[in-house]
Each structure stands twice: as C-alpha cells, then as structure tokens.
Number of protein chains: 2
Amino acid sequence: MTQAPQTIEPSDEPTPRQSEVLDAVLALLVEGRDALTMTAVARRASCSKETLYKWFGDRDGLLTATVRWQASQVRAGNFDRQRLDAAALRESLERFAANWLHVISSRTSIALNRVAVGHAASGKSNLGGIVLANGRFAIGERLKPLLEAARAAGLIHFDEAEEAFRTFFGLVGRDVQIRLLLGDRLEMTEAEIARDAARATRQFFALYGAKEAPALTAGQV
Amino acid sequence: MTQAPQTIEPSDEPTPRQSEVLDAVLALLVEGRDALTMTAVARRASCSKETLYKWFGDRDGLLTATVRWQASQVRAGNFDRQRLDAAALRESLERFAANWLHVISSRTSIALNRVAVGHAASGKSNLGGIVLANGRFAIGERLKPLLEAARAAGLIHFDEAEEAFRTFFGLVGRDVQIRLLLGDRLEMTEAEIARDAARATRQFFALYGAKEAPALTAGQV
DNA sequence: CCCGAACCGTAACGTACGGTACGGTAGACG
DNA sequence: CGTCTACCGTACCGTACGTTACGGTTCGGG
C-alpha cells in the first residue's frame, strides 16, 4: 500500500483533505440555514457520502471529529510563568477572560454547543462530554496552575483552586452563554468583551485578592 | 354550543385535560428514553393525535404550551417588602439563589432547556425566547426590585441593577447550567444548593455591600 | 499499458416521524 | 331515541434523512 487515510476513528489528526470536510461541517453549522445533513456536507465539501462514512463511521463520528477539530484550533496561549506579580496576574486573568468570552460568543462555538446539548438529551455518543472536556474543563486545567502560582506568590488567597476557578468562570460568563444558546440577540463587541474581562478580573481580585486589587487599567466602569 | 376547549393558541390557561397532556409531555421529556414524538405523547396521555393537533396546532405549539405550563408552575414567591435590613436582604438573596439552583438543576428544566436550545438553532418558533423570558429574565425582573430597595436602604451599592443582577446570576449559577445541559453528572444535593446559595450571597455582599457583609450563617466555608 | 485503490456523484433503500383521515364511542341535549 | 360534539384509537400518507450500493474517473505503481 502507498498510504491509507482510512478511518479517523481514534483521536488522530485529520489529513488535509479531511480537515476540508470538517471545515465544511463547521461552515454549514454556522450558517445554520438548514439542518446539518450528510448530503449537505458531502455537497459542500465536494466529496461523496461514501467517503464520509468510510472516514468517520457515521453521523456521530463526523460530529465528534468536527468538535475535536474545532477544539484543536482554539488552543489559547498559556500564561507567562516568569515574573508573576500582581500586574502580570491581572493581565493573564484578563486575557483568559477575554479569550473565553470570544470563544463562547463565536458563532462556531454556539452552533457546536447547540448540537452537543441536543445530543446530550438522546444520550448516545458522548458529544457533550467532549465539548465540556475541550471547553469548560480545558480552560479550568489551564487556569488553575496560574491561580496556584499566584497563591504561592501571595497574590491571592483560596482553599480550593477548583472553587476559585468556578467563581471566576461565573464572573466572566454570567448569563452570556445560556442566552446565546437560547437564541438571544446579544452583541459581544470587542470593547464589550474587554470591559467584561476587566470587570470580572477586578471582581475576582476583590473576592480573592490578598490585599488590594492592582491598579485598574484605563476605562473602568 | 356547550363549551369549546378548542385551540389553546393564545396564552390561555389549559383545561385540566390539556394539563394532563402537558404533564405527559414533561414526563416523556424527563425520562428522555426516546425522542419526544407526537405518537408517544398521544399514547402516554391516552389521547389521539388528532386531538393534539386540534388543541396545539402542531408540534411546536405543543412544545410552546408545555414550556408555558411548566413556567406557570414554578413561580417562586417574592420577597417580603417590609423591614428590609441586612439580615432580611441576605435571606431573600439566599432564597432566590437556592430557588434558582433548584430550578436549573431539575430534570424538567434541563430537558426543556435542551429542547429550546435545539430549537434556537433551527430558528423557527421562538421556544428559546420563551424559556429565557420565563427563566433568566423573569427572575431578573423579580430580583431587581429587591436590589433597588436594598440600595435605597443603603445596604448595597451599584449603578445599574441589571449589572448587579447579572453578577449575582453568575456567582450563583457559575458552570452549573452548561455542565448539566451538556450531560455532565453533577450532583446538586439539597445541602450543596444551600451552600452554593450562601456562598454566592456572601460573595455578592463582598462585591456590592455598603459596609460589611451581615453575619454569616452557620456552616460557612 | 494495465491494475487496483481511493474517491466523486448519484441513485436507491429503509425507517422514523410529522401530519391527516376515518371509523367508533360516550355523553349532552332536544 | 336521534343527533351532534368531542374525543379515542389506528391506519395512512408524504417527506426527510441516515445509510448503502454502484458506476465512472483519477492516479500511483508495476
């Protein structure tokens, strides 16, 4: 054999051609004009349905691969481990918050979460679990080291990093995600995201800061 | 004519028999064993499909009526307007928080929200808007008067009641709703809800309290 | 040049389900 | 008792869609 771009069953990386197919799925999902059907995917990706089934097994496999593909593209940068003072912590938290708000308010994330929520109802194929693992839990695992480093540096106080993170999560997201998932028109402009990120960070410092919150950046409410 | 329990098109109250049908829908939704199909509803409610269509128009009408029916049953009591001191405010907030956590972690709410989220994707029939109006926005409109009364009494400080409420919403719900919607196993016991409600209220006071937070109740973290 | 693998495009199949039609029954009313 | 209304149960229809099958094309290897 020359090469075998066969089934993508495991968590392999997709081939370039397979990525094109997954991008087509995302495009259809975001457009949302009509329901995501295998025929539509095949037409959009200029491939045959037979190929779809050969590569991804079935419709759920295609959706799962799409979620993983999307998740692999939004890996946000980590924080700078060096020189962790109050200002650096604050900036890292704001970056995390702004990045998270960007993700959950993106049309792609909304569409994918809607599919996953719908799937969680029927129980089959752990799509919801995958979305959670790559969203809520992934960001938690990336943020907790920062929180713990900050605690070690005496910048903040908490008992459980998990609890501190969940509070931060709530302060950042508030009602944004559920409103967007339920179809509420909610403008999340760049400026709005920046303001929300700054506010959430400021409130987080107010709750967990060891002493005073670091100096506010310009444009605070 | 004797009586005409015809179409329930507007926001009328359902007849007792119609309520039975809507309860059947909720039961099927909560069980979640299989997709909610008109045939299944008819069988479960011991009524004919023809009657379903006569009463509710179509499947969306049935779902809409079900959401309204469920919402009409969870109207939580308002707060006591008299004697608004710090302790009363604190207790009201905790009650709101605990009630809200109860609602969003109930199997009924989860199932209904999943349906509404799925529907928001396809765009037709404003199910998501109805859920939002009876959930997120209804509680906001009921809580904001309390917040404003508390501000008038000098117990808390804020500029916009909406912003203060959204912060409270985030502190209470955190990641609970999205995790439940995505199928995460998340035990929300009575004790856990009470603890979360107390924590969220305490944090809210820390952020918006005029002076010191009122005395903590027993069992604080 | 020939062969087979991979793939495209499309037709076909089976089923699930929303929606409709129809026959049968129980009770209200004259 | 006759009739009408509301309703139940069920058969039926049309369509959408997941899945499979098949013919045709391209391309790399022998």
Side-chain angles (χ1 to χ4, degrees), chain A residues 1-9 12 14-25 28-29 31-66 114-115 118-119 121-125 127, chain B residues 1-9 12 14-25 28-29 31-66 114-115 118-119 121-125 127:
Chain A
M1 70 190 72
T2 55
Q3 81 285 5
Q6 292 288 95
T7 66
I8 193 181
E9 279 304 338
D12 299 332
T15 67
R17 179 69 178 118
Q18 288 171 341
S19 304
E20 285 180 33
V21 172
L22 298 179
D23 282 333
V25 175
L28 286 175
L29 226 35
E31 290 174 15
R33 181 192 320 271
D34 35 25
L36 187 78
T37 171
M38 298 299 276
T39 303
V41 172
R43 184 162 37 220
R44 177 63 159 257
S46 293
C47 73
S48 74
K49 295 209 278 181
E50 193 178 45
T51 301
L52 290 183
Y53 284 99
K54 182 191 238 177
W55 284 349
F56 305 104
D58 57 4
R59 188 171 183 273
D60 282 353
L62 177 60
L63 289 174
T64 301
T66 303
R114 279 178 179 159
V115 172
H119 252 252
S122 69
K124 64 189 174 187
S125 87
L127 253 192
Chain B
M1 70 191 72
T2 56
Q3 82 285 5
Q6 292 288 94
T7 66
I8 193 182
E9 279 303 338
D12 299 331
T15 68
R17 179 68 178 118
Q18 288 171 340
S19 304
E20 286 181 34
V21 172
L22 299 179
D23 283 334
V25 175
L28 286 175
L29 226 33
E31 290 173 14
R33 181 193 320 272
D34 34 25
L36 186 79
T37 172
M38 298 299 277
T39 303
V41 171
R43 183 163 39 220
R44 178 63 160 256
S46 292
C47 73
S48 72
K49 286 167 66 174
E50 193 176 44
T51 301
L52 291 183
Y53 284 100
K54 182 190 234 176
W55 284 349
F56 305 103
D58 58 4
R59 188 170 184 273
D60 282 353
L62 177 60
L63 289 174
T64 301
T66 303
R114 279 177 179 161
V115 173
H119 252 254
S122 68
K124 66 191 174 188
S125 88
L127 253 192

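So you know, we letter chains A, B, ... as the sequences are listed, proteins then strands, and number each from 1. Values reported hereafter were calculated over all heavy atoms of this structure, with side chains retained and with hydrogens, waters and symmetry mates removed.
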Legend entry - Test salt bridge (charged side-chain N to carboxylate O under 4.0 Å, His left out) applied to B/Glu50 - qualifying residues, sequence neighbours left out: none

Legend entry - Which residues share a salt bridge (charged side-chain N to carboxylate O under 4.0 Å, His left out) with B/Arg43, sequence neighbours left out: none

Legend entry - Separation of B/Ser125 OG from B/Leu63 CG (nearest 0.5 Å): 7.5 Å

Inset, instruction - State, with a plain yes or no, whether a side-chain heavy atom of A/Phe56 is found less than 4.5 Å away from one of A/Leu22. - result: yes

Legend entry - Separation between CG of A/Leu28 and CG of A/Asp23, rounded to the nearest 0.5 Å: 11.0 Å

Inset, instruction - Let me know, please, whether A/Ser48 or B/Arg17 comes out on the 5' side of the other along DNA chain D by nearest nucleotide. - result: B/Arg17

Legend entry - Smallest separation among heavy atoms of A/Lys49 and A/Ala42, with atom names: CG-CB, 3.7 Å

Inset, instruction - Kindly compute the distance separating CG (B/Asp58) from CE (B/Met38), expressed to the nearest 0.5 Å. - result: 7.5 Å

Inset, instruction - Take nucleotides 12-18 of chain D nucleotide by nucleotide from the 5' end and write B, S or -, depending on whether a protein heavy atom sits under 4.0 Å from the base, only from the sugar-phosphate, or from neither. - result: -----SS

Legend entry - Spacing of A/Arg43 atom CZ relative to C/dA11 atom C1', expressed in whole Å: 14 Å

Inset, instruction - Flag the pair A/Val41 / A/Leu36 as yes when at least one side-chain heavy-atom distance between them is below 4.5 Å, and no otherwise. - result: yes

Distances under 3.5 Å between protein N/O atoms and the N/O atoms of nucleotides 24-26 of chain D, please, pair by pair.
none

Inset, instruction - Answer yes or no: does a side-chain N or O of B/Trp55 lie under 4.0 Å from OP1 or OP2 of D/dA6? - result: no

Are any protein N/O atoms closer than 3.5 Å to N/O atoms in nucleotides 22-24 of chain C? If there are, list each pair with its distance.
from	atom 1	to	atom 2	distance (Å)
C/dC22	N4	B/Glu50	OE1	2.8
C/dC22	N4	B/Glu50	OE2	3.1

Legend entry - pair A/Glu20-A/Cys47: side-chain heavy atoms closer than 4.5 Å: no

Inset, instruction - Name all residues meeting the side chain to side chain contact (heavy atoms under 4.5 Å, CB included) criterion together with B/Ala121; count only those two or more places apart in sequence or in a different chain, and write none if there are none. - result: A/Arg114

